[in-house]
Amino acid sequence: MEQRALWDEPAQGSSEEAPSSGSTGERTSRVRPGRELSLQQQAATVAPAVSASPPVLASIAVARPVRGEFTYSVPESLVSQLAPGQRVLVPFGRGTALGFYLGPAARPPGENVRLKPIQRVLEDSPSLPKDLIALLRFAAEHYRYPLGEVIRGSLPPGLSKPVDEKEAKPDVQQFAVALVNEVPPSLARAHAQSAALAYLLAVGGSAPLEEVSHAIPGARAHLKSLASKGLVRIEEKKLEAGVKEGLIQGRPDRLTPEQDAAGVTLREALDTGAFQPFLLHGVTGSGKTEVYLRAAEHALSLGKGSLILVPEIALTPQLVGRFRSRFGSEVAVLHSALKDRERLFHWQALRKGEVKIAVGVRSAVFAPVENLGLIVVDEEHDPSFKQDDSLRYQARDLAVVRGKQAGAVVVLGSATPALETLENVKKGRYRLLELKRRVDDRPMPTIEMVDLRQERPRDGMMTDEAPILSPPLLAAMEETLGRGQQVILFLNRRGHSTVLLCEVCGVSLKCTSCDVCMTHHRSQNRVVCHYCGLAMPVPDRCLECTGPMLKLGIGTERVEAEVLERIPTARVARLDRDSATSAEKLTEMLAAFARRELDVLVGTQMVAKGHDFPGVTLVCVVMADTSLAIPDFRAAERTFHLLTQVAGRAGRGKDPGRVLVQTYNPDAEPVKRVLAHDFDGFAQQELEWRKALAYPPFARMASIRLEGEHPEQTASVARHLGNIISRNMPPASVGVRLLGPAVAPIAKIRGKTRWQLLLKGPTHVALAPLLARVEAALVDVPSAVKVVIDVDPGAML
DNA sequence: AGCACGCCGACT
DNA sequence: GTCGGCGTGCTC
């Protein structure tokens, strides 16, 4: 049972193959990519000179949620204008639609369809480069999404409507340039201004005003006042490519030997100009970013472009800053809320090859970087690379596919690689580059465990709730704070208590429209459903039997309260989705912590991601068990990733770090292995388990999720789809298994009943025909039940 | 997604 | 007798 890499699996009916057997309706046959004949030439080869020449046929992906490609005739006058990748206007149904010309169609569609002519070609030079067409086709096929929609979704808004090409004007853009290197103390009382300046410094000292005010609402005004104080300069600048600007900051001239070795290997790979995938496995603080930067520099020196994918860009201004300060306007930063016109501008600049480096989140995998030489996926294990609606793609996987199609070097970087990636290394598909030591030979933080069963937290003044901070943890905090250093407390749950339970009848307070417990938010004095947002006053008696309520389950609010109570002198803040209500607040809190105006930061994942706080020498995981209990085969892996990431926040400055992990499950594998800094051991063990149970990476999965208004109807549709799959199962020897239909782990959200079916098989190819059957059966599913197919699902919930 | 066709309730 | 509700079906 061998798992094949996404990219070397000949996906059924992919662009290289004839249309698949199971397909319904007439589709035009696919065109081989790569051969660049003009339409005239191709038409000539298809139909050699006959007296009455047949109509020239074009295969078009229509930007409507319909499957397949459509065949249109090409009017004489347009024959010479057509080139693959162009946006065209076609009659569709009663009206017209945007379409994408993909190439000539070999044969006409069925007898009973009336062929219509392409109405207009919307642009001279194709919006879509050839290699992207291939990638988009693959994505549509693999993730089962209409090709036209896939293509439209990959284009900037300006090009995704059926309008003529319009050149994005080389907009005059306002840049803010910092004139100081740090936030001066004089700004201490101007929080908003110091937040804006802090952001600016974090991204390398210079950034478009637009970008800053996206991250920090109202920053435009704040930067203007900073300008009047002489701390910032506002420049009007034509967005132009190829101009180096900004301060070139901190290009270290010395690399660690490991960084150097990785750099040499990548340079050699880039020189060959062929596809080569790498895993850059480097512990936190080992300087992976510098390796990416050097590789991108080398690609640039070869005249090649680079694509850098990062998780959640708003949270990693450091990385953006380093790219911007190293490459200046050679970089397009594709962040989540660029204005339409800016997005278009960047897109076209990349398409024309004027800007050669793109940095962005998962959707940037479709950025039209010309002459692509390098693709980097930073923190490749991060779950945010999987899109969870519409086209449910995994950007890391598509990055490898794209690299293969473009002949590029692909670097997947992580301290805790995804097991899929690791297995690809073991199988020899990816080459391994390792950075085992931190820069400046800083030691790894020591990690200790606190067994909560033995070290019972002692009651404080709060009488109604059991405390959660154990004596060793409190002692460590006091010691650290005593030295004037800072502490991070991590807990993956918001709110005060996560469960309200009746002492008499044992019924817990559930949301009326979701199958989850309501969380008590004491700061808001109400209970809140974290799935649908429903909130109501805190009931003081059980709604069923009027018995008294117990408050169980610990959230960040309670941890914060307990710290305040036990260490009254500490300056404590909480950082989670409830307290960081705006990007401004988030940045401000992080900045205040960085300025050491706070001693203790209590928070959820928000505190775990990539921040660099040199003053933090103690990191405490309040309860490692929360993410272990999730009913998902990746729960252990996620826990390991999370714990490692949090632990990596400790000891980033000159003082060594210490990590305390509280748990009720000291024997749980991820907890034990994190303590020992033993990723390899964990991975080995986990891989064996996955193999035994035939889970990824030793199998491919697809989930079919249903959501419906009526419980009965939803269940019956789920059973119906289950029957269809069962009837079409390949022989048992192929090893495809159906799990379910079953009620989803969260049985109801927003009043909608949820069911799911899970398919497991040795390869994606083994699953594809079944998915095609399911898809075909969807046409007679009542519209009250929504069904989605999720290929390579990221989570089972 | 649009935009039809299509077969059942309250209005001039 | 009509206007119109949005269920379902198709679009080269």
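Labels below follow one simple rule: chain letters A, B, ... track the order of the sequence lines, proteins then strands, and each chain is numbered from 1.
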Legend entry - For Arg638(A), side-chain hydrogen bond (donor to acceptor under 3.5 Å, both in side chains) partners two or more places apart: none
Inset, instruction - For Ser127(A), check side-chain hydrogen bond (donor to acceptor under 3.5 Å, both in side chains) against everything at least two apart and list the hits. - result: Glu123(A)
Inset, instruction - Taking the side chain as every heavy atom from C-beta outward, state whether Val791(A) and His764(A) have any atom pair closer than 4.5 Å. - result: yes
Check: protein-nucleotides 6-11 of chain C nitrogen or oxygen pairs below 3.5 Å:
residue, atom, partner, partner atom, Å
dT11(C), O3', Gly93(A), N, 3.0

Legend entry - Euclidean distance, atom CD of residue Glu149(A) to atom C1' of dG2(B) [Å, nearest integer]: 12 Å
Legend entry - Distance, rounded to the nearest Å, where Leu391(A) contributes CG and dA1(B) contributes C1': 17 Å
Inset, instruction - Give the minimum heavy-atom separation between Ile704(A) and Ile789(A), together with the two atoms involved. - result: CG1-CG1, 4.3 Å
Legend entry - Non-hydrogen side-chain atoms of Val717(A) and Trp755(A) separated by less than 4.5 Å: no
